[in-house]
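Everything numeric here is computed off the predicted structure, so don't read it as measured data. Naming convention: chains lettered A, B, ... in sequence-line order (proteins, then strands); numbering from 1 in each chain.
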Amino acid sequence: MSVANPRIVSRFDGVFERMSRSWARGLSRRHFLSRLGTVLAGGAALPLLPVARAAAADERFPTQEGEPPRDSPEGDPLGCDYWRHCAIDGFLCGCCGGTHSTCPPGTEMSAVTWLGTCRNPEDGRDYVISYNDCCGRDFCGRCFCNRNEGDRPIYSPMRSNDINWCVGTSTQVYNCSVALVVGAAAERQPER
Amino acid sequence: MFNRIALVLALLVALPASAELKTEAQGRSERLPALEDHWLFVGDTVLRRSALFDGGNGRMLGMLNGGQGVGGIHPRVSRARGEFYIAETVYTRGHRGERTDLVTIYDAESLAVSGEVIIPSKRADNGNGVALGAVLADRFLLVFNQTPATSVSVVDLESRTLSGEIQTAGCALVFEAGPRSFGQLCGDGTAQRIDLDEAGLELARSRSERFFDPTNDPVTEKGVQIDGARWLFVSFEGFAHAVDFGGERPSSAEPWSLLSDDQRADGWRVGGNQHLALHKASGRLFSAMHQGGPSSHKDGGPEVWVYTLADRKRTAIVEPSNLTAAFLRGLAGIEAESFLGWMMSAVLPAADVSNLAVSQDATPLLFLGSRETAGVSVHDALTGEHLRDIESTGLSGGLLVAP
């Protein structure tokens with residue numbers, strides 16, 4: 001579905017200034033839940049990153065040949081810096097019981113969605129990415145990620161990551177988002 | 001002598017009785033006075049509510065709930081009717097079951113539900129929650145629908161019935177544009193006005209020329225009403241477009257830039273969920289600003305720049321208090337004036353301002369909030385002076401609505 005701010009993942013890796021900067025950038029719509037644990041527990045959030053990286057190397061989160069290495073930020077499907085997440089806005093399903101391409105148990109993937117275009121740094125090609133929402137449970141609340149490359153206001157609905165894309169499903173209750181490769185883009189999208 | 005002794009004894013006996021607490025009545029609830037200019041609704045996406053605060057002292061007054069959804073809770077107001085309205089979605093089994101969309105009507109003094117109107121189950125739900133509803137002259141409430149096909153539901157507040165649904169293919173949102181008119185922004189870079197009749201049905205519609213580039217430099221949804229049918233929208237690149245939804249057909253004025261070339265070169269940009277606010281009487285425009293790149297249009301900023309609409313000049317910069325500290329102080333019960341409170345403000349990374357609102361009275365208050373934390377920085381809107389924080393408004397940030 002959609003939310004909006006970037007570079008959540010490695011915010012706690014850096015020095016204080018980077019923490020501050022990412023704090024400002026990291027959140028938005030479903031933002032706060034992802035943050036709440038951090039805010040309430042303070043430094044307790046620090047161990048989350050290694051855990052996430054360990055999970056990223058897990059066979060349950062397969063990436064395709066031709067994607068960046070999984071030990072890099074651009075190749076980690078549980079990270080906000082994952083290359084496919086250039087325009088995602090929501091909780092990453094891989095942190096919620098699903099993967100970056102499948103929904104968590106008990107939830108239903110929305111068939112109606114919006115498409116972004118992200119550049120795969122491994123092969124330098126642009127790909128059309130489908131950001132489907134998984135629906136039927138409340139906010140997952142984990143691994144919130146919001147990046148907005150090519151996002152447009154809601155009067156351009158098919159270009160808007162703000163919209164709750166749990167439409168056409170049995171309920172419109174939003175849980176998390178996946179990022180599926182639809183195909184190579186014929187050309188770079190004009191929106192920046 | 002005997003009388004004096006009797007008096008002293010009587011007093012000694014009476015003293016314990018007078019110190020005893022009185023029995024208190026059960027079942028009482030507070031009522032609010034008539035709506036005041038410095039009140040503020042603060043939304044909370046996680047708690048699915050909008051809480052009402054007195055910005056004059058930071059005290060919480062009450063709250064309204066919202067139903068299911070990802071978007072912000074935005075109460076609509078009719079002062080004349082003494083009512084608040086929430087458009088919401090509910091399911092018969094909580095997060096599942098049969099969906100019902102409705103407008104819940106609250107009495108503005110008791111905050112009790114005084115009625116509801118069932119509307120088409122198409123209510124738009126999005127993360128920003130801006131411009132999804134409007135009240136026209138205390139008579140009609142508009143609810144924007146997006147499935148993603150777009151339409152507008154019209155509720156007659158007099159009869160508390162649904163007047164109808166107006167299809168608005170290609171155009172979205174609702175902006176009040178007169179007693180029986182509303183405006184929209186369209187995906188082709190134009191603006192649309194739809195006029196209603198006395199029954200709330202469509203009477204006419206008209207469309208402007210294309211005035212913005214929806215691909216390369218779109219205007220955000222987060223416009224501010226200048227007066228009547230005139231609104232100001234700002235584009236991703238910081239150009240202000242004044243749109244008049246009135247007249248024979250909507251029109252726009254020549255855009256002007258909120259940024260100088262030097263400021264642009266330094267990377268300053270507009271951004272945030274409610275990145276604009278306007279005090280209509282003084283023409284003071286407030287804009288959240290940050291330094292960032294082309295995809296940062298949803299990022300809030302550490303500064304709020306103040307302009308006067310008349311000469312389009314930047315006149316001041318307002319910096320919020322530390323909104324992270326404002327949130328955490330309330331949770332932890334730490335006084336702002338204490339050493340620990342001071343330390344928190346000095347050390348904690350400050351959340352950026354993404355939500356702005358301003359009251360419209362003669363001594364206006366400027367409210368600065370963040371989507372990241374649940375705290376609000378309150379300022380004198382004419383001088384920019386920081387007056388107080390509203391601490392721990394909930395668990396998450398959300399829409400600010402100055403009713």
Max heavy-atom pairs within cutoff under 4.5 Å with chain B, candidates A:I154, A:D138, A:T171, A:V167, goes to A:I154

B:F211/B:H241 aromatic ring centres below 6.0 Å: yes

If one checks every heavy atom of B:E98 against chain A at 4.5 Å, the contacting part turns out to be neither

Under 4.5 Å to a heavy atom of chain A? For B:R96 that would be both

Under 4.5 Å to a heavy atom of chain A? For B:L132 that would be side chain

Taking every heavy atom of B:H290 against every heavy atom of B:S296, the minimum-distance pair comes out as NE2-OG, 2.7 Å

is_close_aromatic(A:W165, A:Y131), centroid dist under 6.0 Å:
no

One option among B:D217, B:D44, B:L173, B:V219 has the most heavy-atom pairs under 4.5 Å with chain A, and it is B:V219

Are B:Q274 and B:S354 close enough that a side-chain donor and a side-chain acceptor fall under 3.5 Å?
no

Bottom line for B:C171: the part with an atom under 4.5 Å from chain A's heavy atoms is neither

| message | Parallel, tilted or perpendicular: which one describes the rings of A:H85 and A:Y82, with boundaries at 30° and 60°? | response | perpendicular

